[in-house]
Amino acid sequence: MNTTLADAVVTESVRWVETTGPLDDSEAVRTAMSSVHDTGAARITERARILGRRIGLEAEVERMRASAPWILLAIVAVVVLAGLGVAGNVIGGDRKINVMVALVSLLGLHLLTLLVWLIGLVLPFGSFGSFSASFGSIWLALTAHVAGGKRGQAPVLVRATTGLLTRARLLPWALGFVSHTIWTLSFAVIVAALLFSLAFRNYTLSWETTILEPGFFVRSVQWLGALPSWLGFPVPDAQTVLSSPSAAPDTASLAGQRAWALWLTGCVVVYGLLPRLLLALLSAAVWQARKSALQPDLRNAYYLKLLARFDALQAPRVVDADGGRMRQGAVPGLAASDTSKALWIIGFELPDEAPWPPALAVPAAAHHVQVDGSAAQRGELLAALTGARPARVILVCNGASSPDRGAERFVREVQSRCGECRLWLWGVSATPARWRDWMVEVGIAPWQEDGVLKDDSAALTGRGEAGVRS
């Protein structure tokens, strides 16, 4: 089951909230169990949705979704105004433009932030620092802060969102999409302002230096103009670069100024606008390809504990139906040649008022042992039976009680350690129906005082070695 991004953010946010202490989730767990008949992941999401609604996380996520586009537009407006300011500084009031200074002013910050973003792509995806100063991270932080208000849980929402993005390997691409989109719009405005001003005003474009050789500018102009020339932007030749603007420009001078203007515009388009536009499209494509991975990590110890809780509350399912209890003979006893010819009388979970040894017509050589329901005494008795290998065992139980699975397991273990096992019920004159049906299912016969054990008294002379006190 794929969880929506909003549900995934709420689920992760609840996990971070519970790192400081578990929330009271008894009602949420019961509701998730009763309303979701799906996988454990769906129940975890439903539990988080209920808890998130109670502590306000779900409402904050909805406010984030509503306010995110408006905050993005506000950032775009600020950046566009800044871009207009940069363009205004480049084409200042004196109508003289230093093309190299203009190029650095228009592309410098963009290239620096782009370099940081590219470095972030090759860093471990858990590193958020490479993107903390990007427009994308600023947009995310502002959106969470505005949605949460002064008393909201903006840090939790940001941490949960960035954690999901990091795990899905989408952090640089998601934040990058926002940043590249903002930069694209900014450069679009800058290019439009440049073209408008250069088209309808007369500017003088040149370069100036105090320490650099003129040849440096010739080579720089040729090198920087190589890519724009593929798109049809002209590149000033060496003569145009080295010539000084004339006070009374002739046709050649005007052509040179036009080449300078289009070269500057081409550099802004090729090294500013197009890289951001292409990276924005690439980021959108990567988002579409990987967004299905924006799911909580169910291998986390926190989620494994929740899954275990849901499994414990899950009603048992019959995977391989039992065709019925094992009948008599299903647990074979020992062969006669493997037994010690001893008779054991075992009292099992008898009440305190029951007399012991019981008043049974059995040979005096019979070995009497009484055990309660503890695992320790049962283990000692079974170990003693394994060593003694009695030919016959009379199991004495309280007839007023009801047989259970524990009694059934004990009977089967005794049956496998002796030659023959019979049951005698203390405290009742006739076998109750519940015991009678159970004895048929388990495969144990009742003991009668006129039965075969009494007739074989001559053979019952051994007592065996017992590890349980009689």
Side-chain angles (χ1 to χ4, degrees), residues 71-92 97-123 127-142 171-198 203 205 207 217 220-233 235 260-287:
I71 294 175
L72 180 60
L73 287 176
I75 296 176
V76 169
V78 171
V79 173
V80 166
L81 291 176
L84 289 174
V86 171
N89 290 331
V90 169
I91 49 179
I97 300 176
N98 186 324
V99 289
M100 292 301 176
V101 173
L103 200 60
V104 173
S105 300
L106 293 172
L107 299 179
L109 182 61
H110 144 73
L111 292 175
L112 179 62
T113 56
L114 181 60
L115 178 62
V116 172
W117 184 81
L118 292 173
I119 292 174
L121 285 179
V122 299
L123 291 179
S127 177
F128 181 60
S130 300
F131 314 103
S132 59
S134 67
F135 286 129
S137 61
I138 294 172
W139 167 75
L140 178 61
L142 285 176
L171 181 62
W173 301 104
L175 300 182
F177 173 76
V178 177
S179 297
H180 300 322
T181 301
I182 292 174
W183 276 109
T184 299
L185 295 174
S186 175
F187 275 120
V189 171
I190 290 174
V191 170
L194 274 176
L195 288 175
F196 181 84
S197 298
L198 293 173
Y203 290 90
L205 289 82
W207 53 269
F217 291 95
S220 298
V221 168
Q222 295 294 322
W223 180 74
L224 290 173
L227 291 180
S229 66
W230 294 354
L231 299 180
F233 290 97
V235 179
W260 272 120
L262 292 178
W263 175 86
L264 177 61
T265 305
C267 287
V268 174
V269 170
V270 172
Y271 300 115
L273 176 62
L274 288 183
R276 292 293 184 171
L277 176 60
L278 294 176
L279 287 173
L281 295 175
L282 177 61
S283 298
V286 174
W287 171 271

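Here the structure is a predicted model, which means the values were calculated and not measured.
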Residue pair L224, V270: steps toward the side-chain contact (heavy atoms from CB on, under 4.5 Å) verdict: CA-CA 10 Å; L224 290 173; V270 172; over 6 Å; no
How many angstroms lie between [atom1] in [X] and [atom2] in [Y], if you round to the nearest 0.5 Å?
{"X": "I97", "Y": "L205", "atom1": "CD1", "atom2": "CG", "answer": "4.5 Å"}
{"X": "I75", "Y": "T181", "atom1": "CD1", "atom2": "OG1", "answer": "11.5 Å"}
{"X": "I182", "Y": "F177", "atom1": "CD1", "atom2": "CZ", "answer": "10.0 Å"}
{"X": "C267", "Y": "L227", "atom1": "SG", "atom2": "CG", "answer": "9.0 Å"}
{"X": "F187", "Y": "L274", "atom1": "CZ", "atom2": "CG", "answer": "10.5 Å"}
{"X": "L171", "Y": "L140", "atom1": "CG", "atom2": "CG", "answer": "9.0 Å"}

Chi angles and distances behind the side-chain contact (heavy atoms from CB on, under 4.5 Å) call for V268, L273: CA-CA 7 Å; V268 174; L273 176 62; 5.8 Å; no
Parallel, tilted or perpendicular, as decided by the 30° and 60° cut-offs, for the rings of W117 and W173: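 Because their plane-to-plane angle is over 60°, the rings of W173 and W117 count as perpendicular.
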Donor-acceptor contact below 3.5 Å, side chain [X] vs main chain [Y]:
{"X": "Y271", "Y": "L103", "value": "no"}
{"X": "W183", "Y": "H110", "value": "no"}
{"X": "T113", "Y": "L109", "value": "yes"}
{"X": "S283", "Y": "A174", "value": "no"}

Side-chain heavy atoms of V189 within contact of L185, under 4.5 Å: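 Sidechains of L185 and V189: no contact.
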4.5 Å side-chain heavy-atom contact, L175 and H180: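 In short, these two side chains do not touch, never coming nearer than 4.5 Å.
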Within the 6.0 Å centroid threshold, strictly below: W139 and F135: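 Not under 6.0 Å, so no.
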Taking all non-hydrogen atoms of both residues, which atom of [X] and which atom of [Y] are closest, and how far apart?
{"X": "N98", "Y": "W207", "value": "OD1-CA, 3.9 Å"}
{"X": "V235", "Y": "G225", "value": "CG2-O, 3.2 Å"}
{"X": "L195", "Y": "T265", "value": "CD2-CG2, 3.7 Å"}
{"X": "T184", "Y": "L277", "value": "OG1-N, 3.3 Å"}

side-chain contact (heavy atoms from CB on, under 4.5 Å) evaluation trace for S186 with R276: CA-CA 10 Å; S186 175; R276 292 293 184 171; over 6 Å; no
